J.: 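Submitted below is the structure of interest, expressed as structure tokens.
Lettering of chains follows the sequences in order, A, B, ..., and the numbering in each one begins at 1. Everything quoted here is computed from the prediction, not taken from an experiment.
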Amino acid sequence: MIVAERKKIPELLNIVRAHKKVLVLGCGTCVTVCLAGGEREVGIISSALRIASRLQGLDLTVEELTIERQCDNVFIEQAADAIERNDAVLSLGCGAGVQAIAERYRNKPVYAGLDTTFIGILEEQGVWTEKCAACGSCVLHEYGGICPVTRCAKRMLNGPCGGSCEDRCEVRPDVPCAWQLIYTRLKEIGQLDRLRKIAPPKNWNRSLDGGQRIVVRQDHRI
Amino acid sequence: MKNDEFEPKILAFCCHYCAYAAADLAGTMRIQYPPNVRIVRTPCTGRLETEYFLKAFENGADGVLVAGCLEGGCHFTNGNLYARKRVDSMRQMLEEMGLEKERLRMVNVSASMARPLADLILDMVETVRKLGPSPLGKNSRKHRLETAS
């Protein structure tokens, strides 16, 4: 899922301070699960904005709404009336949600209320970790299901770097060395011989460097 | 209005198993505590959502007191520990908003601690009295100027 964090209240207030009526729009999917932009967070952030704006003498009305998914037209339509009666939208969706709303309501300012952080998983209650960098050409099958692109600080495809200490990363001692994890995992599944192969330079053309990526499925187009 | 004339309005969320019983016991024992608190009984402080604290301030409370069981003594094992974390995080958020974090406080008492609870309430009332009226409430200077004009 996509993991995000809320922006601080002073920053949010600065973003919306030019407007009198703002819709705080939550999303019921990924950002609900990572406790950043779901119905509950919409309530908290809206209350906080009302309090902060009154303390600063601003005339700000905040409306709350959460839709099931901000990146899907069917659900976005459900917010049409609320978006129409407000001056601006503070979206608590991920970056995709914010842009999806902005593209469909062209006369409304749409602002991001969250910092979209990464694609990851819930590691334990209250802790999320990054697992995928969406690099566009997955190499997980070569590395025992542990991603060196995301989890090695140096993104080494032929590791380890030599700087790891015990099983800790040289760059960030609070995280395990990805290459130690890869070695252990490959050993467990009897595929250590994969490490004898030198990985060629990765094709980064499919990553973010070439601008926006588009996937087209001709067989599904109508 | 001078601060010494100001009577703070404090909302106290009291756990059914400890603080609420302690407040009840204080009544039975004829222990006086300031009438500034409005008590809301909650099944456990762990039941409290952070929104409740914000709503209380939004609606003009000068202070919010969360009174749970002693640490290690929660009827539901960990509810008061969760509440402590939520209160701490909301205190940070109050500062972000520009409101004094001292207006929100968590205390821990057992059902038999009627006297300590009365003292904790008194301390909270005096803390909030020193801070002055909440800028969001009807006692705030801004509100009084607006209604006077």
J.: Any idea which heavy atoms bring A/Ile51 and B/Leu99 closest together, and the distance?
T.: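 Of all heavy-atom pairs spanning A/Ile51 and B/Leu99, the closest is CG2-CD2, 4.5 Å.
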J.: Does A/Ile44 offer a backbone N or O that forms a donor-acceptor pair with the side chain of B/Glu51 under 3.5 Å?
T.: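 Pair absent, no side-chain N/O of B/Glu51 close to backbone of A/Ile44.
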J.: So does B/Tyr20 have more than 12 non-hydrogen atoms from other groups sitting under 6.0 Å from OH?
T.: no
J.: Can you measure from CD (B/Glu95) to CD1 (A/Ile9) and round to the nearest 0.5 angstrom?
T.: 13.0 Å
J.: If you count the non-hydrogen atoms of other residues, nucleotides and ligands that lie under 6.0 Å from CZ in A/Arg168, is the total more than 12?
T.: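 More than 12 heavy atoms, drawn from other residues, nucleotides or ligands, come within 6.0 Å of this atom.
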J.: Does A/Arg213 have more than 12 heavy atoms from other residues, nucleotides or ligands lying within 6.0 Å of its CZ?
T.: yes
J.: Do A/Arg54 and B/Pro135 come close enough that some side-chain heavy atom pair is under 4.5 Å?
T.: no
J.: For B/Arg91, look at atom CZ and say whether over 12 heavy atoms of other residues, nucleotides or ligands are found less than 6.0 Å away.
T.: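 Result for CZ/B/Arg91: enclosed.
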J.: Below 4.5 Å, heavy-atom pairs only: which of A/Gln56, A/Glu11, A/Arg40, A/Lys8 has the largest tally toward chain B?
T.: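 Sorted descending by pairs with chain B, the first entry is A/Arg40.
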J.: Contact part of B/Leu94 toward chain A, heavy-atom cut-off under 4.5 Å: side chain, backbone, both or neither?
T.: neither
J.: Counting only heavy atoms from other residues, nucleotides and ligands, does the tally under 6.0 Å from CZ of B/Arg115 exceed 12?
T.: no
J.: Could you check whether atom NZ of A/Lys108 has more than 12 heavy atoms from other residues, nucleotides or ligands sitting under 6.0 Å from it?
T.: yes
J.: Got more than 12 heavy atoms from elsewhere within 6.0 Å of CD, A/Glu5?
T.: no
J.: May I ask you to decide whether A/Lys7 forms a salt bridge with B/Glu96, counting only side-chain N to carboxylate O separations under 4.0 Å?
T.: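 B/Glu96 and A/Lys7: not salt-bridged.
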J.: Could you check B/Met97 against A/Arg50 for side chain to side chain contact (heavy atoms under 4.5 Å, CB included), going step by step and ending with a plain yes or no?
T.: CA-CA 9 Å; B/Met97 288 182 261; A/Arg50 281 188 211 105; over 6 Å; no
J.: Within this structure, what is the CG-OG distance for the pair A/Leu55 and B/Ser134, rounded to the nearest 0.5 Å?
T.: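 OG of B/Ser134 is found 7.5 Å from CG of A/Leu55.
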